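I have placed the structure first, in the form of structure tokens, so that the comments after it can refer back to it.
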Amino acid sequence: MSSAPLSPVFDRLLAHFGPLHWWPAESPFEVVIGAILTQNTAWTNVEKAIANLRREEALTPEALRAAPREQLEAWIRPAGFFRQKAERLQLFVDYLFDHHDGDLGRLLAAPLPEARRELLALKGVGPETADSILLYAGGLPSFVVDAYTRRLFGRLGLLDPTAPYESIRTFFMERLPADPDLFNEYHALIVEQCKQLCRKRRPRCADCPLQELCPFANSQH
DNA sequence: GCCCAGGTGGGTA
DNA sequence: TACCCACATGGG
């Protein structure tokens, strides 16, 4: 891992896209649902599933717990892996009621390392899902590493994209102040940048806000 | 028709 | 630790 210019990358992305104020959800619990539904899934498909849940007024821990499994599967079907994800959602809310009186805020009121351990112990909640929940539902300074993060910073030559999750998360957290607003914007900007510029059909380098930092500028990127 | 998407868990060497 | 596979829908 390089000892990297993370601030210049952030500054350029912020200047280009402006503040994004993530996560696209109307409540902390909706963040949890989105974080589970988006596992290895395009966000456009997640939106369809969440729209179904909203229509059914099922975007609360109480409603998800009460819903018959097959009903829930049908609602979230557009997000793919619907049997797995229905189970994961209901395991999550079952845990929430068994241990926190159904109150997500109570789970997320614990110190960050403790809340993270608790989330990671849940079946269906891996490191990326846990960090997304901690940061975007809890406002806790836990940096989110996803496929976009690996792709972008791998291309910039700042990290090994195949490195383990925890080592990449540590790379960012050792080099950035533990500021939830910073982590929020940084990850959102990474996603926005990649959605626009890291696709298979690459746009022209001239349009890229990271052009000056990119080792592939004017060649393949 | 084929490839891929904001992962995770379970299994094997 | 490092691979492998299942899990499923919808858009390019």
Side-chain angles (χ1 to χ4, degrees), chain A residues 1 9-10 13 17 20-25 28-53 55 69-95 116-138 140 142-156 159-172 180 183-203:
Chain A
M1 298 261 195
V9 174
F10 177 76
L13 291 175
F17 295 107
L20 301 174
H21 304 304
W22 259 26
W23 175 290
F29 186 67
E30 194 179 319
V31 173
V32 173
I33 294 176
I36 289 173
L37 291 184
T38 200
Q39 290 169 356
N40 201 42
T41 299
W43 183 254
T44 51
N45 289 347
V46 176
E47 287 179 322
K48 299 177 206 298
I50 290 182
N52 290 340
L53 295 174
R55 186 191 66 234
R69 175 65 58 87
E70 289 192 0
Q71 182 75 268
L72 179 55
E73 290 176 356
W75 291 338
I76 69 171
R77 192 172 182 121
F81 304 126
F82 56 86
R83 293 185 195 88
Q84 273 192 353
K85 288 173 180 176
E87 180 190 23
R88 291 171 181 186
L89 287 171
Q90 292 194 314
L91 285 173
F92 189 97
V93 294
D94 285 345
Y95 176 84
R116 190 168 196 263
R117 272 195 300 275
E118 225 176 317
L119 288 170
L120 288 176
L122 294 172
K123 182 175 177 181
V125 179
E128 182 184 334
T129 305
D131 290 329
S132 297
I133 292 169
L134 292 165
L135 179 59
Y136 290 107
L140 298 170
S142 202
F143 200 89
V144 178
V145 177
D146 61 6
Y148 290 148
T149 311
R150 292 173 184 275
R151 200 177 309 162
L152 177 59
F153 288 87
R155 284 232 179 112
L156 290 172
L159 56 74
D160 171 8
T162 67
Y165 184 97
E166 296 297 337
S167 73
I168 295 183
R169 173 174 181 264
T170 300
F171 172 78
F172 282 92
F183 288 5
N184 178 321
E185 281 301 333
Y186 211 149
H187 178 246
L189 289 165
I190 289 166
V191 173
E192 190 60 30
Q193 162 74 7
C194 286
K195 281 185 173 172
Q196 295 200 18
L197 299 171
C198 290
R199 290 301 170 93
K200 276 211 305 199
R201 293 211 68 76
R202 301 233 202 94

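In the text below, chain A, chain B and the rest are named by the order of the sequence lines, each starting its count at 1. Keep in mind that this is a model prediction, so the values were computed, not measured.
- Annotation: A:E70, atom CD; neighbour count of heavy atoms from other residues, nucleotides and ligands within 6.0 Å does not exceed 12.
- Nearer to the 5' terminus of DNA chain B, by closest-nucleotide assignment, is the contact made by A:H187 (compared with the other of A:K123 and A:H187).
- Between A:W43 atom CH2 and C:dT9 atom C1' the separation is 15 Å, expressed in whole Å.
- If you look at A:F172 and A:F153, their ring centroids are closer than 6.0 Å.
- Closest to the A:N45 side chain, of the nucleotides C:dG10, C:dA8, B:dG10, is C:dG10.
- Across C:dG10, B:dG9, C:dA8, the shortest atom-to-atom separation from the side chain of A:R83 is found for C:dA8.
- Here the nucleotide nearest the side chain of A:A42, chosen from C:dT9, B:dA5, B:dG7, is B:dA5.
- A straight line from CZ of A:F82 to P of B:dA5 spans 21 Å, rounded to a whole angstrom.
- Atom CD of A:E128 and atom C1' of B:dG9 are 15 Å apart (whole Å).
- A residue-by-residue look at A:T41 and A:T44 shows that A:T41 has its nearest nucleotide of DNA chain C further toward the 5' end.
- Put simply, CG on A:L89 is 14 Å from C1' on B:dG7, counting in whole angstrom units.
- Rounded to whole Å, atom P of B:dG7 lies 13 Å from atom CG of A:L37.
- Atom P of nucleotide B:dG9 and atom CD of A:Q39 are separated by 8 Å, given to the nearest angstrom.
- Taking only side-chain atoms of A:R151, from C-beta outward, the nucleotide of B:dG7, B:dA5, C:dA8 with the closest atom is B:dA5.
- By the 30° and 60° cut-offs, the orientation of the rings of A:W43 relative to A:W23 is perpendicular.
- Of all heavy-atom pairs between A:R88 and A:K123, the closest is CG-O, 4.1 Å.
- Residue A:T129 has a polar side-chain atom (N or O) positioned under 4.0 Å from OP1 or OP2 of B:dT8.
- If you take atom P in B:dC4 and the same atom in C:dC5, they sit 15 Å apart, rounded to whole Å.
- Among B:dG7, C:dA8, C:dG11, the nucleotide with an atom closest to any side-chain atom of A:K48 is C:dG11.
- Side chain of A:Y136 to main chain of A:W22: no donor-acceptor pair is present (N/O by atom type, distance under 3.5 Å, no hydrogens or angles).
- Phosphate contact (OP1/OP2 of C:dA8, side-chain N/O of A:K85, threshold under 4.0 Å): absent.
- Taking atom CD on A:Q84 and atom P on C:dA8, their separation rounds to 6 Å, with Å as the unit.
- Ring geometry for A:F143 versus A:Y186: interplanar angle over 60°, hence perpendicular rather than tilted (30 to 60°).
- Nucleotide C:dG11: paired with B:dC3 (Watson-Crick or G-U wobble, both distances less than 3.5 Å).
- Among the protein residues, A:L120 comes within range of no part of the nucleic acid, since none of its heavy atoms lies under 4.0 Å from any strand.
- The interatomic distance linking A:R88 (CZ) with C:dA8 (C1') rounds to 12 Å, in whole Å.
- Within the 4.0 angstrom heavy-atom criterion, only backbone atoms of the sugar-phosphate kind lie near A:V125; the bases stay farther away.
- Closest to the A:A147 side chain, of the nucleotides C:dG10, C:dA8, B:dG7, is B:dG7.
- Side-chain atoms of A:R77 lie closest to C:dT9 of the nucleotides B:dG9, C:dT9, B:dG7.
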